[in-house]
K.L.:
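Here it is, the structure, as structure tokens.
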Amino acid sequence: MAAGNAGRRDNVVSFPKQSKLNIGVIILAVVFIYVMVCVATYLSREQIQSYQVREGTLVEDTRYTGVIVREENIVYSTGAGYVNYFTAEKDRVAVGNLVYTLDSSGTIKDYTDLLSADENSLSDSDKEEFRYLIDSFLEKYSDDSFSSVYELHTTLTSKTDKLVNNLLLENIDSLYSSTSSMIEYNYASDTGIVAYWIDGLEDLSAEEVTSSLIDSSTYSRTELVSNSLVAEGEAVYKLLPSEYWDIVIVGADEENIEYYLSEEVVQVRFLKNDLLLWADVSTTTNSLGETLLVLSFQSGSVNFSSDRFLEIEIVTDDDTGLKIPISSIVEKSFYLVPEEYVSYVEEEDAYYILIETYGEEGLTVTRTEVEPYSLKENYYYLDDASIGLGTRIYKLDSSDVYSVQSTGTLTGVYNINKGYAEFRQITILEENELYAIVQSNTTYGLSVYDYIVLNASAVDENDFIYE
């Protein structure tokens, strides 16, 4: 029995142990590797960016910091007390208009403090006006124009003071009767724009302007605030009686000054608010022998009644057209074919040429559709796979033959309206380091709202664009 069992054990054949491969794991690994290769390829190549063509202006200009010189008349307090203003800053007053009151008792100050603290003192229309001012500010605000925050503060403060003072005027009679003759009414003795600040430069003349005057670290000004206590003889406000005012510039380049003088009148852009005004040009000299550029204006004074210094640009060239980035511009070579060898079929809206070809049947003439990119000096600029140097082209209804023998270069961009890079010729009117102004609505060019490749060096013509 034992021997029989031993014989059976001797007949057992051992098979090698097979490894178990999971086909799912293999597929997942292949997919993972493929995805990683695609991601690496995508990250390593330059990303294609698009740009929507818009109308714009390319301005060649020079930027300066100027000092405002104008007629400014300070009005001084005739007594001591709390001053309360009844005219908003930048408002124009006529002779006899109430500008401020002087309260030696402090009664008006106490009353206005109560009004300022009372939220119900504002009507719904008043609140709506404040909301409008704030919403308009938020829509236009950018970090590049942070000074607009101070302008908003000044505007809101002036309107608040005016509203409070209007309420005050409604009750001034009862206040006056209770305080006897302690309230003094002060009226404008001249016409002009009201300003509530002084800086000691009110009598400045153009010849007194120097480069050190523009140093902001040494400049100071005093704001004249409603409800403040003033002594007799202190400044309470000032009037700007004239619309005529000057900006004086120190350190302008002599060549630029000569050019401005030859123009006699220049256009000035104010960086504070993008306002454009025309100015008469003249020069003067200060005590240091420096030549000063003087820009004289006949309007716009109210816009800058709260300013002494202004950042400006003198606009010397202003071309308008389609504004595109320099990075989108490329150059491309084309074959030149005389205009008379290209025919246009209006019904098909297509251009054709007759090309001489050789095939199994020998010499044949083939009608081939082409796309002209430009027409200059009676030559079409063509780019077609069937054309090359030496290609013979027949004239329609004639035995004349033209052999392609020259090429030309066009400047253009890659239009991607159709989803792939399509060359379009441009005519540059003006350019700087960043942008170019190109002619709009040309036959083979661009139109406003077209999409083009921003970084043209990253693509080739006919590439499909996946953003």
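Note that these values count all heavy atoms, side chains included, but never hydrogens, waters or copies made by symmetry. Residue numbers count from 1 along this sequence.
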K.L.:
Measuring from Leu382:CG to Ser374:OG, what's the distance to the nearest 0.5 Å?
P.N.:
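Leu382 atom CG to Ser374 atom OG measures 10.5 Å (nearest 0.5 Å).
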K.L.:
Are more than 12 heavy atoms from other residues, nucleotides or ligands located less than 6.0 Å from atom CG of Asp203?
P.N.:
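At most 12 heavy atoms, drawn from other residues, nucleotides or ligands, come within 6.0 Å of this atom.
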K.L.:
Are the aromatic ring centres of Phe334 and Phe423 under 6.0 angstrom apart?
P.N.:
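Yes: the rings meet the under 6.0 Å criterion.
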K.L.:
Quick one, Arg92 with Ile193, criterion side chain to side chain contact (heavy atoms under 4.5 Å, CB included). Give me CA distance, side-chain angles, the key distance, then yes/no.
P.N.:
CA-CA 4 Å; Arg92 177 175 290 277; Ile193 298 168; 3.7 Å; yes
K.L.:
Can you spot which of Lys395, Arg367, Arg392 makes a salt bridge (charged side-chain N to carboxylate O under 4.0 Å, His left out) with Glu356?
P.N.:
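Testing Glu356 for a salt bridge (charged side-chain N to carboxylate O under 4.0 Å, His left out) against Lys395, Arg367, Arg392 leaves exactly one candidate, Arg392.
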K.L.:
Within a strict 4.5 Å, meaning less than it, do heavy atoms of the Glu339 and Leu375 side chains meet?
P.N.:
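SC-SC contact between Glu339 and Leu375 confirmed.
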K.L.:
Could you check whether any side-chain heavy atom of Gln298 comes within less than 4.5 Å of a side-chain heavy atom of Asp280, counting everything from C-beta outward?
P.N.:
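Sidechains of Asp280 and Gln298: in contact.
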K.L.:
Check whether any side-chain N or O of Asn417 sits under 3.5 Å from a backbone N or O of Tyr451 as a donor-acceptor pair, and report yes or no.
P.N.:
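Here the side-chain-to-backbone pair exists.
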K.L.:
How about Thr368 and Thr366: does a side-chain donor come under 3.5 Å of a side-chain acceptor?
P.N.:
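Side-chain D/A pair, Thr368 to Thr366: absent.
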K.L.:
Do Arg269 and Gln267 meet the criterion of a side-chain donor-acceptor pair at a distance under 3.5 Å?
P.N.:
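Looking only at side-chain atoms, Gln267 and Arg269 do not form any donor-acceptor pair under 3.5 Å.
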K.L.:
So, taking the atom named CD1 in Ile353 and the one named OG in Ser343, what distance separates them when rounded to the nearest 0.5 Å?
P.N.:
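Rounded to the nearest 0.5 Å, the CD1-OG separation comes to 9.0 Å.
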K.L.:
Can you tell me how far apart CD1 (Ile312) and OG1 (Thr65) are? Round to the nearest 0.5 Å.
P.N.:
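Interatomic distance, Ile312 CD1 to Thr65 OG1, rounded to 0.5 Å: 8.5 Å.
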K.L.:
So does Leu454 get a backbone contact from the side chain of Ser327, meaning a donor-acceptor N/O pair under 3.5 Å?
P.N.:
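At least one qualifying donor-acceptor pair exists.
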K.L.:
Atom CD1 in Ile324, atom CD1 in Ile428: separation rounded to 0.5 Å?
P.N.:
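One gets 6.5 Å once the value is rounded to the nearest 0.5 Å.
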K.L.:
Of all heavy-atom pairs between Ser305 and Ala195, which one has the smallest distance, and what is that distance?
P.N.:
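Nearest pair, atom of Ser305 first, then Ala195: O-CB, 4.1 Å.
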K.L.:
Side-chain contact, heavy-atom cut-off 4.5 Å: Leu271 with Arg63?
P.N.:
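A side-chain contact under 4.5 Å exists here.
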K.L.:
Does atom CD of Glu348 have more than 12 heavy-atom neighbours, drawn from other residues, nucleotides or ligands, at distances under 6.0 Å?
P.N.:
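Above 12, so yes.
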K.L.:
Locate the shortest heavy-atom distance separating Ala235 from Ile198; write the atom from each residue and the value.
P.N.:
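Scanning both residues completely, I find the closest heavy atoms to be CB-CD1, 3.9 Å.
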K.L.:
Going by ring-ring contact (aromatic ring centres under 6.0 Å, His included), name the residues that satisfy it together with Tyr344, two or more places apart in sequence or in a different chain.
P.N.:
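Partners of Tyr344 by the ring-ring contact (aromatic ring centres under 6.0 Å, His included) criterion, ordered by chain and then number, come out as Tyr351.
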K.L.:
Determine whether Asn286 and Val209 make a side-chain contact, defined as any pair of heavy atoms from C-beta on separated by less than 4.5 Å.
P.N.:
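Asn286 vs Val209: side chains apart.
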K.L.:
Can you check side chain to side chain contact (heavy atoms under 4.5 Å, CB included) on Leu204 and Val248, steps first, answer last?
P.N.:
CA-CA 11 Å; Leu204 183 70; Val248 182; over 6 Å; no
K.L.:
Which atoms form the tightest heavy-atom contact between Asp246 and Ser296, and what is the distance?
P.N.:
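So the minimum-distance heavy-atom pair works out to OD1-OG, 2.9 Å.
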K.L.:
Please round to the nearest 0.5 Å and tell me the distance separating atom CG of Asp383 and atom CG of Asn462.
P.N.:
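If we round to the nearest 0.5 Å, Asp383:CG and Asn462:CG are 8.5 Å apart.
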K.L.:
Which is it for Val53 and Ser447 under the side chain to side chain contact (heavy atoms under 4.5 Å, CB included) test, yes or no, and what are the steps along the way?
P.N.:
CA-CA 7 Å; Val53 177; Ser447 298; over 6 Å; no
K.L.:
Should the ring pair Tyr435 and Tyr51 be called parallel, tilted or perpendicular, given that the plane angle runs from 0 to 90° and is split at 30 and 60?
P.N.:
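Ring orientation of Tyr435 relative to Tyr51: tilted.
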K.L.:
State plainly whether the residues Glu371 and Arg424 are in salt-bridge range, i.e. N to O under 4.0 Å.
P.N.:
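Arg424 and Glu371: salt-bridged.
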K.L.:
Any side-chain to backbone donor/acceptor pair from Glu202 onto Gly200? Under 3.5 Å, distance only.
P.N.:
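Flag set: sc Glu202 to bb Gly200 pair under 3.5 Å.
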K.L.:
Using a 4.5 Å cut-off on heavy atoms from C-beta on, say whether the side chain of Leu295 contacts that of Ile314.
P.N.:
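In short, these two side chains touch, coming nearer than 4.5 Å.
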K.L.:
Determine the minimum heavy-atom distance between Tyr100 and Leu98, stating which atoms define it.
P.N.:
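Looking at all heavy atoms of both residues, the shortest contact is O-CD1, 3.6 Å.
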K.L.:
Side chains of Tyr381 and Leu336, heavy atoms from C-beta outward: is any pair under 4.5 Å?
P.N.:
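In short, these two side chains touch, coming nearer than 4.5 Å.
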K.L.:
Taking Asn432 for the side chain and Leu434 for the main chain, is one N or O donor matched with an acceptor at less than 3.5 Å?
P.N.:
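Yes; judged by distance alone, with no hydrogens or angles, the pair exists.
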K.L.:
With sequence neighbours left out, write down each residue that passes ring-ring contact (aromatic ring centres under 6.0 Å, His included) with Phe309, or none if nothing qualifies.
P.N.:
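Expected list: Tyr219.
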K.L.:
Shortest non-hydrogen contact from Ala456 to Tyr414?
P.N.:
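It is O-CE1, 3.9 Å.
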K.L.:
Rounded to the nearest 0.5 Å, what separation is found between the NZ atom of Lys272 and the CG atom of Asp307?
P.N.:
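Output value for this atom pair is 3.0 Å.
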K.L.:
What I'd like to find out is whether the side chain of Val370 reaches to under 4.5 Å of the side chain of Val337, using heavy atoms alone.
P.N.:
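SC-SC contact between Val370 and Val337 ruled out.
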K.L.:
Please check if the number of heavy atoms outside Glu377 that lie under 6.0 Å from its CD is greater than 12.
P.N.:
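Open: at most 12 neighbouring heavy atoms sit under 6.0 Å from CD of Glu377.
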K.L.:
Backbone N or O of Val99 within a donor-acceptor pair of the Asn186 side chain at under 3.5 Å?
P.N.:
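Looks like no, no N/O pair under 3.5 Å.
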K.L.:
Please examine the side chains of Thr87 and Asn97, heavy atoms only from C-beta on, and report whether any two atoms are closer than 4.5 Å.
P.N.:
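Side chain of Asn97 against side chain of Thr87, heavy atoms only: no contact under 4.5 Å found.
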K.L.:
ring-ring contact (aromatic ring centres under 6.0 Å, His included) with Phe297: which of Phe270, Phe304, Trp278, Tyr244?
P.N.:
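That would be Phe270; it is the only one of Phe270, Phe304, Trp278, Tyr244 passing the ring-ring contact (aromatic ring centres under 6.0 Å, His included) with Phe297.
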K.L.:
For atom OH of Tyr449, decide whether the heavy atoms of other residues, nucleotides or ligands shown that lie under 6.0 angstrom number more than 12.
P.N.:
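At most 12 heavy atoms, drawn from other residues, nucleotides or ligands, come within 6.0 Å of this atom.
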K.L.:
How close do Ser212 and Thr218 get, counting heavy atoms only, and between which atoms?
P.N.:
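Where Ser212 meets Thr218 most closely, the heavy atoms are O-OG1, 4.0 Å.
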K.L.:
State whether a side-chain donor-acceptor pair under 3.5 Å links Ser242 with Glu71.
P.N.:
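Absent: no donor and acceptor within the cut-off.
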K.L.:
Under the side chain to side chain contact (heavy atoms under 4.5 Å, CB included) rule, what do Ser228 and Val83 come out as? Steps first, then yes or no, please.
P.N.:
CA-CA 6 Å; Ser228 59; Val83 62; 3.5 Å; yes
